[in-house]
Each structure stands twice: as C-alpha cells, then as structure tokens.
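Keep in mind that this is a model prediction, so the values were computed, not measured.
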Amino acid sequence: MDNNQKITGSEALLKTLIAEGVDTIFGYPGGQVIPVYDCLYDYQDRLKHVLVRHEQGATHAAQGYARVSGKVGVALVTSGPGATNTITGIADAMMDSTPMVVISGQVPSAMLGTDAFQEIDVIGITQPITKWAYQIRRPEDIAWAVSRAFHIASSGRPGPVVIDFAKDAQVGLVDYVYEKVNYVRSYQPIPELEPENIAAAAELINGAKKPFALVGQGVVLSGSEKELMAFLEKADIPAGSTVLGLSAMPSNYPLNKGMLGMHGNVGPNMKTNECDVLIAIGMRFDDRVTGNLQTYAKQAKIIHFDIDLSEIGKNVAVDIPVLGDAKETLAAVTEQLKPARHTEWIAEFDPHAKEEYEKVISREIHPQEGFLKMGEVIRKVSEAAENKAVLVTDVGQNQMMGVRYFKYTQTRSVVTSGGLGTMGYGLPAAIGAKFGAPERTVCLFTGDGGIQMTLQELGTIMQENLNVKIIILNNNFLGMVRQWQELFFNERYSATVMNNPDFVAIAKAYGLGSRMVEAREELDDAIQEMLNYDGAYVLVANVEDRGMVYPMVPAGGTITNIIMGDK
C-alpha cells in the first residue's frame, strides 16, 4: 500500500476497498457519484464492477455474494433515488444478519439541507435499519470511515452499514494513509465467555433425557459447522434447522431431523414441545419458528447460544444464556459434555417423518398424475446437480418448497430472504451468489410473481455472461397469498390471479437459453438440458395452479397444530 500520496477522495475510497479485500462491487452510476466511477475506470483490473439494472438489485446481489462467500458485499449507488432504492435490501440484510456496505453518493457538503437536486437524508432514513450509518464530508475521513464500516459490518453479529459520500469529499485531495480499523470503543462485537454459564449449560445437557437443538444461521456465520457436529455427536442430540440455518448440516446427516417452523417438518415441530432441554444455537426465535409463544416449549429448560445479547430473552424466556461466538462457545460446552446416547428419544422422530412422507412428501415429489408439482421439480433439479448446488429462492411458495425439497451437502448453500420476506430478492441474489462462488452451480427457484419484480436483472446476467440456472415455477398466481386466501379467507382470490408474459420469449430476448416444460415425461430431459447448457438458462415449469405448501402451522398457532393437507 502506497501511503502519504495526495490523491482524490474517490481514489482513497477505492484503495481502501481493495485494502479491505473487496474484489467485486455491485452498482449503478449517477450524477453525485460520477467522480468515484471515473476513478473506477482506472481500477478495472483490481475491482470488478457489476452494472445492475436497478439499485435494489445491487443490494440483493451484494447479499447473495456475502451469503455464499462469507465476505462483505458492496453496493455503490448515487444520491436521491439511487440511495432510496437500496432501502429494501438494507432492511433485508439487517433482518438476516448479512454483512454489507452500501456506499451512496451525496450532494456537496455546502448544499446539504437545501433540498438540492437528488438530495435526500440518507443517514436519517437508514439509521434504524443499519448497524452504523455515517456521512463523509471530508476526504481526510475516508480511509478511517470505510475501514470502520467493514469492521462493523463483518464482526460480531454481521449486518449492513451505509456510507453517505458527499461529492466534495469525492473530489477533494488528501494525503492518503490507510490503517485497518479492528477496534471501536463502545462496540464489543464478541461478548466474553462466561465460564459459569458454559458449565451450567453442559450440566443441564448432561442431565437431559430428551435434548433437542435448534440450529440457526449463526452457526454458518461463525463458521462453526464442525463444532456443531462435534457437540451434537458427543451428547447424541437430534437437531432441527431454521430456514437460514439449513445447510449448516448436510441433509443426510443422521442427527439432522429437518426444518423448523410454519412449513417445517412435523418431527422437529412436535418434539420442540416434548423435549426436556431445548438448545437454541445462533437463532432468534422468530415467530415463524415459534408460533404462539404462550404454548411454545413450556415443558423445556432453554439454553440459548448467541452472539447478540439483545436476542437473549427477547421472545422466549431463557434459563441459561451462553453469550459469545458459537465457534468458541460450542467447543467450550462440548469439552464439558459427557458422552451420551439418546437412542429411544431420537427414534421418536421416526413415526412423524414416516407420516409426513406418506401424507405430504411422497405426493409432492412422486406424483402419479396431474400437473407438475413444485416439489418434484425442485427435488429433481437438486438431485441432477448431485445435491451440491447453491439454492437461491425468491419469496412465497417457491421459497418454502425450495428449502423443503432441495438437498444440501455443503455449507453456505441457502440464499433466501428470511426475516423480511422480500419478493424480487431471488434473481439479483442469484447473480451475487454466482460471483461469490463462481465454481458452484447456482439454481434459482422463483415464482411468476417474484421474478417480475426484478426481471430487469436478466440484463445484468446477459451483460456479464453469467451462468445462472433460473427455474420459474409458474402457476399464474401469487401462490402463497392465494394459499392463505384458500385456507383462511373462503377462497376469495382477491388480486392474486396473474396474467403472465411469455417468459421463454423474454429469456430469448436477453440471449439466454430457455425452455418451457409442463409434461412430466419431459421434465428430466429439460433439467439436463438446463444444467448442461453453457450459460444462463431459464426453465419455465408450468406447475399446478392451486398447489399448497404442507405441512403448515397457521400463523400465531401452536407449533404442534399442524395442517397436513386437509382444510
């Protein structure tokens, strides 16, 4: 790094990004960020810039990149509408603990507060949905502020940070000195281990007859997958996963009993209310996991492993909090565990799995007649990709079917909008995922509704010649809303019927491979054609128009009150 050079603020920004390990930026230029883009012209060999078609796409792409790579995703946009178009992605990243830095151009400092053209109070808007939001008005502050942003975004519980970059700071000259920020006074990203709570957790688990672990994304974020398995295996603890925690364990891992929550597997939901010790690891007791809190796991002693103190006791009363990085805390507790066997308890999951397979799964993945089903398309794609692909989904039935029927053999294989549930997330997130893991097959499952919210990003895929496999599960409905209308609103399908365009023709217009399939006997061939195609491919699967995602726990209901298929 060349220090003590007088350079522009724009170049100082790019040098700091490189120093922080950035190799890819997702962005869209505009008037108040042109100096940065002008400087970027000379840095094309060191910083890959991906021109998205909408700033929301930049944030979701940055999220997808971060989720599969473990690095901080970066978005670069202009002021005004450029900045406000990032709000949904920033909020999504905050809800899902995704490390991201969004850099927005801003009007010159002297014009702040004058309602200048494309001026907006970016800091005021984004403070509630970021870990930190900061406005740079002087070039001298750039290196410090940007490095601090990366430290905050990536440490502790990750999340988004916004840097608002005034235009005069972009063009002003500075004696550039970079120093890595790895400490911020008043910010303690990783709590100190509490030996007494480590010991108490181990003692409670050692005495458990029916322990059950809930695995969240915190395991993936902390890179503690091996520590998790050592923990589970030593004490012989069955485990269920949240949606975002699904790939922390391989799908066929013997102690992995499936997904928790509203559309989760029957066994994990039922056993949550039967276990004697419930061990939550890097998850936040979201309402889609717990259902009615008044009836949730009342019989169990609860241990909560988390890095964020604010999550402890927020939704569910905890008997033993274990604060810290899961990689450290899991290892510390495991060291004090006594080897155990819970054979009979684990066997109690089997009847639930058998019932769910017979009543739901087999009918979804091995239908004998009728229209294509989402589940069979998803499972066949997963198996054709040897269960090694990255699953990206949009939001809705495609999402719940995707996470239920895709299979995972390695970590960081699930990219989906969990907490915010953002329709339109899938396509740009798949772009980011492919840049974040170029060696892996990326399969996006999206509905006909979600794909049309960010359809323009097909242009990004075209321009970048990006090999992403896109499966549109087309049912001509806003499927999840329609499911609720069918179950709870007397089949009054208000504003959920969709007249859709010819998606194959649209894909061809962007120069992408494409095919429509609706006959079951053609599905295997269509999937192989898609996976073997050298480049991006859109497979439009016309599925049943009134398919349902089962099992289902009604919103706000008890998690053991599970609908298996009958109204």
Side-chain angles (χ1 to χ4, degrees), residues 364-385 389 391-402 405-406 423-431 434 441-462 465-480 482 496-549:
E364 188 67 35
I365 65 173
H366 298 303
Q368 301 302 309
E369 57 186 7
F371 292 99
L372 287 176
K373 288 180 172 284
M374 289 189 184
E376 70 176 311
V377 177
I378 293 160
R379 179 61 60 86
K380 281 181 177 291
V381 171
S382 180
E383 291 176 346
L391 168 72
V392 185
T393 82
D394 207 86
V395 167
Q397 287 185 320
N398 64 87
Q399 176 186 37
M400 291 296 100
M401 288 295 198
Y405 294 112
F406 212 75
M423 287 183 68
Y425 173 95
L427 185 57
I431 292 170
K434 189 63 182 177
T441 300
V442 173
C443 294
L444 163 66
F445 291 91
T446 178
D448 43 305
I451 188 72
Q452 293 184 80
M453 287 197 169
T454 49
L455 186 66
Q456 69 275 1
E457 298 307 333
L458 290 177
T460 305
I461 291 174
M462 174 184 66
N465 193 27
L466 206 61
N467 189 355
V468 176
K469 308 307 181 185
I470 301 162
I471 303 95
I472 301 175
L473 300 169
N474 180 26
N475 58 10
N476 296 293
F477 266 107
L478 295 177
M480 189 59 84
R482 182 209 56 76
T496 47
V497 178
M498 296 200 80
N499 291 334
N500 290 319
D502 183 341
F503 292 114
V504 170
I506 290 173
K508 288 180 178 177
Y510 281 102
L512 312 183
S514 58
R515 178 174 173 178
M516 185 274 286
V517 61
E518 57 185 8
R520 183 161 288 114
E521 56 269 23
E522 297 178 9
L523 181 58
D524 288 339
D525 181 68
I527 290 171
Q528 284 302 323
E529 180 181 315
M530 173 185 71
L531 293 176
N532 293 335
Y533 187 82
D534 184 18
Y537 194 100
V538 177
L539 177 60
V540 182
N542 290 339
V543 298
E544 58 181 337
D545 61 354
R546 286 177 170 81
M548 306 288 275
V549 185

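One finds the OG1 atom of Thr446 at 9.0 Å from the CD1 atom of Ile470 (value rounded to the nearest 0.5 Å). Rounding to the nearest 0.5 Å gives a distance of 8.0 Å between OG of Ser382 and CG of Leu391. Atom CG of Asp448 is separated from atom CG of Leu455 by 11.5 Å, given to the nearest 0.5 angstrom. Atom CD of Glu383 sits about 9.5 Å away from atom CG of Asp524, to the nearest 0.5 Å. Rounding to the nearest 0.5 angstrom, the gap separating the CG atom in Leu523 from the CD atom in Glu376 is 6.0 Å. With rounding to the nearest 0.5 angstrom, the CG atom of Asn467 is 10.5 Å from the CG atom of Leu512.
Within the 4.5 Å cutoff, the side chain of Asp394 has heavy atoms near those of the Met423 side chain. In this structure the side chain of Glu364 reaches within 4.5 angstrom of the side chain of Met401, judged on heavy atoms. Side chains of Leu466 and Thr460 form no contact here, defined as non-hydrogen atoms less than 4.5 Å apart. The shortest side-chain heavy-atom distance between Glu457 and Ile431 falls under the 4.5 Å cut-off.
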Report task. Decide yes or no on side chain to side chain contact (heavy atoms under 4.5 Å, CB included) for Asn500 and Gln452, but give the supporting numbers first. Result -> CA-CA 9 Å; Asn500 290 319; Gln452 293 184 80; 2.8 Å; yes

Report task. Evaluate the side chain to side chain contact (heavy atoms under 4.5 Å, CB included) criterion for residues Asn475 and Arg482: first the C-alpha distance (whole Å), next the side-chain angles of each, then the deciding distance (0.1 Å), finally the verdict. Result -> CA-CA 11 Å; Asn475 58 10; Arg482 182 209 56 76; 5.6 Å; no

Query raised in the report: Does the side chain to side chain contact (heavy atoms under 4.5 Å, CB included) test come out yes or no for Ile461 and Lys434, once each step is laid out?
Result: CA-CA 10 Å; Ile461 291 174; Lys434 189 63 182 177; over 6 Å; no

Requested in this report: Could you walk me through whether Val517 and Asp525 pass side chain to side chain contact (heavy atoms under 4.5 Å, CB included), step by step?
Outcome: CA-CA 10 Å; Val517 61; Asp525 181 68; over 6 Å; no

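Gln368 contributes a side-chain N or O that, together with a main-chain N or O of His366, makes up a donor-acceptor pair within less than 3.5 Å. Between the side chain of Lys469 and the backbone N or O of Leu539 there is no donor-acceptor pair closer than 3.5 Å. Here the side chain of Thr454 pairs a donor or acceptor atom with the backbone of Gly424 at under 3.5 angstrom.
Pairing each heavy atom of Arg520 with each of Pro367, the nearest pair is NH2-CG, 3.4 Å. The shortest heavy-atom contact between Asn398 and Phe445 is OD1-O, 3.2 Å. The shortest non-hydrogen separation linking Ala430 to Leu444 is CB-CB, 4.0 Å. Nearest heavy atom pair, residue Val504 against residue Arg515, reads CG2-C, 3.7 Å. Considering every non-hydrogen atom in both Ile365 and Gly375, the closest pair reads CG2-O, 3.8 Å. Nearest heavy-atom pair, Ala389 versus Phe406, reported as atom, atom and distance to 0.1 Å: O-CE2, 3.7 Å.
Contact check on Lys508 versus Asp502 returns no salt bridge, with no Lys/Arg side-chain nitrogen under 4.0 Å from an Asp/Glu carboxylate oxygen.
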Going by atom type alone, with no hydrogens or angles, which donor-acceptor pairs under 3.5 Å involve a side-chain atom of residues 541-549 and a protein atom two or more places apart or on another chain?
| from | atom 1 | to | atom 2 | distance (Å) |
| --- | --- | --- | --- | --- |
| Asn542 | OD1 | Asn474 | ND2 | 3.0 |
| Asn542 | ND2 | Glu518 | OE1 | 3.3 |
| Glu544 | OE2 | Lys373 | NZ | 2.9 |

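The ring pair (Phe, Tyr, Trp, His ring centres under 6.0 Å) analysis of residues 509-529, with sequence neighbours excluded, yields no pairs.
Within a 6.0 Å sphere centred on CG of Asn465, other residues, nucleotides and ligands contribute 12 heavy atoms or fewer.
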